[in-house]
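Values in this document were obtained by computation on a predicted structure and should not be read as measured data. If you read the sequence from its start, that first residue is 1, and numbering goes on from there. In each ligand, atom 1 is the first atom listed, and ligand 1 is the first ligand listed.
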Amino acid sequence: MNGELVPWKDAKVPFLTHALHYGTGVFEGIRCFKTPGGPAIFRLKEHVVRMMESAEIYLMKMPYSANEIIEAIKSTVSANQLEECYIRPLAYYGYGEMGLNPLPNKVSLGIAAWRWDSYLGEKAEKVGVRCQVSSWRRVHPSTLPPQAKSTANYANGGLAKIEALKAGYDEAILLNMEAMVAEASAENIFRVKDGILSTPPASAGVLRGVTRDSIIRMAADLGIEFRRSDISREELYTSDELFLTGTAAGVTPVREVDGRMIGRGSFPICERLRKAYSEVVHGREPKFSKWLTPVAKSVAPQIETRTRK
Ligand code: PPE
């Protein structure tokens, strides 16, 4: 929290924290994986760069440099002595002045790390998830910038997620204001048709996913033909395969959309990419080893005894 390692129970914020009231925070979701060389963080730099850009979009002055945040993330993981974990850095306007203008408030930065194994359910990556096309549209660039990973955007994804869960589905797919597919509530989406892989361009109002980018590069490496192109709602239904990608969710096939089975219910290209992704993140594919940042074994446990005033 703001440059100090503090025990989990002391990582508290005041009730009048600006971001809590007005959604004025930007964040990242990053994962650390177990590799033969010890724990390693996947595409750390890319995540931190995206966070800096999210802040820039909102004119938020980051209190630390990208390199300082990278170092802080590494020491948070190693202090928690976690071999595999999810990492959540959040920069937010803190307690200062209420009212819509966030600029008078100090920007704070916290980083948490914890074990977060399954996101869309235990069996999701193997058997696939059931999705609903949401009645909520993805935020439009004229209302909220979709490419900023801001806490505010998640009120939109949250509404879609609630609607999907209440209707008995696992996840929501949001269309943009042009009625083209944007993304799921917390994942990008890929389609396979006649052996060709595609995903909507950033201009469709999607977050530029780090997993999405990794899959695109890995598909090229595997010789899978790829196009960045808009996907219509009807093209969801006529896909041979659909799958979701995200840091939390990994690479997860979609079994059904709106109660319709996708393709023949098997997902060979998704499975190939899912396995390749697993090899890469676990440090078993030297070609992409530059994507992994090793974490020193441990600088803990002094955080157990330190409290913050
Ligand atoms: N779109 C959205 C809206 C999104 O939130 C995510 C990640 C992605 C796409 C995929 O981006 P990337 O992780 O860089 O491949 N969602 C994060 C938050 C999930 C949460 O519940 O919190 C994540 O997966 O970490």
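- The protein heavy atom nearest to atom 23 (C) of ligand 1 is Tyr86 OH, 3.4 Å.
- The environment of NZ in Lys166 is sparse: at most 12 heavy-atom neighbours from other residues, nucleotides or ligands sit within 6.0 Å.
- Interface of Thr245 with ligand 1, defined as ligand atoms under 4.0 Å from a residue heavy atom, comprises 10 (C).
- Atom-to-atom distance recorded for Ile196:CD1 and Glu225:CD is 4.0 Å, nearest 0.5 angstrom.
- Scanning all protein heavy atoms for the shortest distance to atom 19 (C) of ligand 1 gives Tyr119 OH, 3.5 Å.
- The protein non-hydrogen atom at the shortest distance from atom 22 (O) of ligand 1 is Arg88 NH2, 3.0 Å.
- Between Arg31 and ligand 1 there is no heavy-atom distance shorter than 4.0 Å.
- When ring centroids are compared, His21 and Phe15 come within the 6.0 Å threshold.
- The atoms of ligand 1 that sit less than 4.0 Å from any heavy atom of Glu183 are 1 (N), 2 (C), 3 (C), 9 (C).
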*Just do the ring pair (Phe, Tyr, Trp, His ring centres under 6.0 Å) check on Phe42 and Tyr277 with the steps written out, would you?*
CA-CA 11 Å; Phe42 187 62; Tyr277 177 74; 5.7 Å; yes
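- Taking only nitrogen or oxygen atoms, main chain and side chain alike, Val210 reaches within less than 3.5 Å of ligand 1.
- Using cut-offs of 30° and 60° on the angle between ring planes, the pair Tyr119 and Trp116 is perpendicular.
- Proximity of Pro146 to ligand 1 is not established, as no heavy-atom distance is less than 4.0 Å.
- Electrostatic pairing of Arg233 and Asp258 counts as a salt bridge here, judged by a charged N lying under 4.0 Å from a carboxylate O.
- Under the 6.0 Å distance and 45° angle rule, Arg130 counts as a cation-pi partner of Tyr169.
- The OG1 atom of Thr151 sits 13.5 Å away from atom OH of Tyr22, with the distance rounded to the nearest 0.5 Å.
- In this structure, atom 6 (C) of ligand 1 lies nearest to the protein heavy atom Ala186 O, 3.2 Å.
- Here the protein heavy atom with the shortest distance to atom 5 (O) of ligand 1 is Tyr154 OH, 2.4 Å.
- Considering backbone and side-chain atoms together, Ala184 places no N or O closer than 3.5 Å to any N or O of ligand 1.
- Using bins of under 30°, 30° to 60° and over 60° for the plane-to-plane angle, the ring pair Phe190/Phe226 lands in the tilted bin.
- On a distance-only criterion, Arg138 and ligand 1 share no N/O pair closer than 3.5 Å.
- Under the 4.0 angstrom criterion for non-hydrogen atoms, Arg50 is in contact with ligand 1.
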